[in-house]
Amino acid sequence: MQTVGLNIDAKLSSGFFAGGTWFFTVNLLQRRGNDLLVREIETLRHVVWQVRKRHPFTIDAWVVLPEHLHAVLTLPPDDADFSLRWRLIKSGFSRALPKTEHLSVVRQKTGERGIWQRHYWEHLIRDELDYQRHVDYVHVNPLKHGLVKQVSDWPYSTFHRAVAAGIYPADWCGDMTAEAADD
């Protein structure tokens, strides 16, 4: 399998991680039975596009599931502020939606929306193997959650871009329907 080139040694030796490549998991506050992210996928795409215009980053891999998303992002060489980007993405998406969610007393007092969990998971990519494992994890996630029978069936993923670039075969991870029939 072909991988995208990274200069991991230079990034890790800097200590500051400007230009670093990061894996993220970002969750909605209400996860059970919530399909907001796929229902509002165009809103999310537009907000990400707007943030990237003002604060560039490279999307190495991205998957949007109904109630959470995973991404592998690379920041510009002179920039380490991924938290600004996530704050702008989350707040921009929230502002674009009507205020229909239930708000806790704490969120009411702080003026927060009840859409996103406050925190997210981040992981600095350490080397090529770590990079490939996290990109693979991003792309296989819809299959892992039982949302599709083949990775290629999930429309909200950079997997399709990676297939077009020759990084993955279209049938990567196989067909869960065919595998179930073999059991």
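Here the structure is a predicted model, which means the values were calculated and not measured.
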Check your understanding: Heavy atoms, side chains only, cut-off 4.5 Å: are Trp154 and Val38 in contact?
Key -> yes
Practice problem: Please examine the side chains of Asp136 and Trp172, heavy atoms only from C-beta on, and report whether any two atoms are closer than 4.5 Å. | Solution: yes
Sorted by chain and residue number, the salt bridge (charged side-chain N to carboxylate O under 4.0 Å, His left out) partners of Arg45 (sequence neighbours excluded) come out as Glu42
message: For a side chain to side chain contact (heavy atoms under 4.5 Å, CB included) check, start with the C-alpha distance between Arg161 and Ile167, then their side-chain angles and the critical distance, and finish with the verdict.
response: CA-CA 9 Å; Arg161 179 182 76 183; Ile167 297 169; over 6 Å; no
Side-chain heavy atoms of Pro155 within contact of Ile41, under 4.5 Å: no
Within the 3.5 Å criterion, strictly below it, is a donor on His160 or Ser152 matched to an acceptor on the partner's side chain?
no
Contacts of Asp35 meeting salt bridge (charged side-chain N to carboxylate O under 4.0 Å, His left out) (sequence neighbours excluded), chain-then-number -> Arg39
Review point. Are any non-hydrogen side-chain atoms of His123 and Thr25 less than 4.5 angstrom apart?
Key: no
Sorted by chain and number, sequence neighbours left out, side chain to side chain donor-acceptor pair (under 3.5 Å) with Arg32 holds for none
When every non-hydrogen atom of Val63 is compared with those of Ser157, the smallest separation belongs to CG2-CB, 4.0 Å
For Cys173 and Val140 the tightest heavy-atom approach is SG-CG2, 3.7 Å
Sequence neighbours excluded, the answer for side-chain contact (heavy atoms from CB on, under 4.5 Å) partners of Gln117 is Asn27, Leu29, Arg31
Of all heavy-atom pairs linking Pro66 and Leu28, the shortest is O-CD1, 3.8 Å
Given the options Phe24, Phe23, Trp22, His134 meets ring-ring contact (aromatic ring centres under 6.0 Å, His included) only with Phe23
In sequence, state the C-alpha distance, the side-chain angles, and the governing distance for Val72 and Thr21, and then conclude on side chain to side chain contact (heavy atoms under 4.5 Å, CB included).
CA-CA 7 Å; Val72 175; Thr21 299; 3.6 Å; yes
In short, Leu124 meets Gly20 closest at the heavy-atom pair CD1-CA, 4.4 Å
Glu67 and Leu36: side chain to side chain contact (heavy atoms under 4.5 Å, CB included), yes or no, with the steps?
CA-CA 6 Å; Glu67 81 303 334; Leu36 181 65; over 6 Å; no
So OH of Tyr131 and OG1 of Thr74: to nearest 0.5 Å the spacing works out to 6.0 Å
side-chain contact (heavy atoms from CB on, under 4.5 Å) with Ser94: of Ile115, Ile89, Thr43, only one passes, and it is Ile115
Residues passing the side-chain contact (heavy atoms from CB on, under 4.5 Å) test with Ala71, sequence neighbours excluded, are Trp62, Leu73, Trp86
Across all chains, not counting sequence neighbours, the side-chain contact (heavy atoms from CB on, under 4.5 Å) partners of Arg52 are Val48, Phe57, Ile59
Across all chains, not counting sequence neighbours, the side chain to side chain donor-acceptor pair (under 3.5 Å) partners of Gln50 are His46
Taking every heavy atom of Val47 against every heavy atom of Leu88, the minimum-distance pair comes out as CG1-O, 4.0 Å
Residue set satisfying side-chain contact (heavy atoms from CB on, under 4.5 Å) with Val163, at least two apart, ordered chain then number -> Phe159, Tyr168, Ala170
Quick note, salt bridge (charged side-chain N to carboxylate O under 4.0 Å, His left out) partners involving residues 85-100, not counting sequence neighbours, are Asp79-Arg85
Contacts of Asp153 meeting side chain to side chain donor-acceptor pair (under 3.5 Å) (sequence neighbours excluded), chain-then-number -> none
Asp60 (side chain) donor-acceptor with Val135 (main chain) under 3.5 angstrom
no
Sorted by chain and residue number, the side chain to side chain donor-acceptor pair (under 3.5 Å) partners of His55 (sequence neighbours excluded) come out as none
Review point. Cluster question for you: counting only ILVMFWY and a side-chain heavy-atom cut-off of under 4.5 Å, with indirect links fine, are Trp116 and Trp121 together?
Key: yes
Applying salt bridge (charged side-chain N to carboxylate O under 4.0 Å, His left out) to Arg54 and not counting sequence neighbours gives none
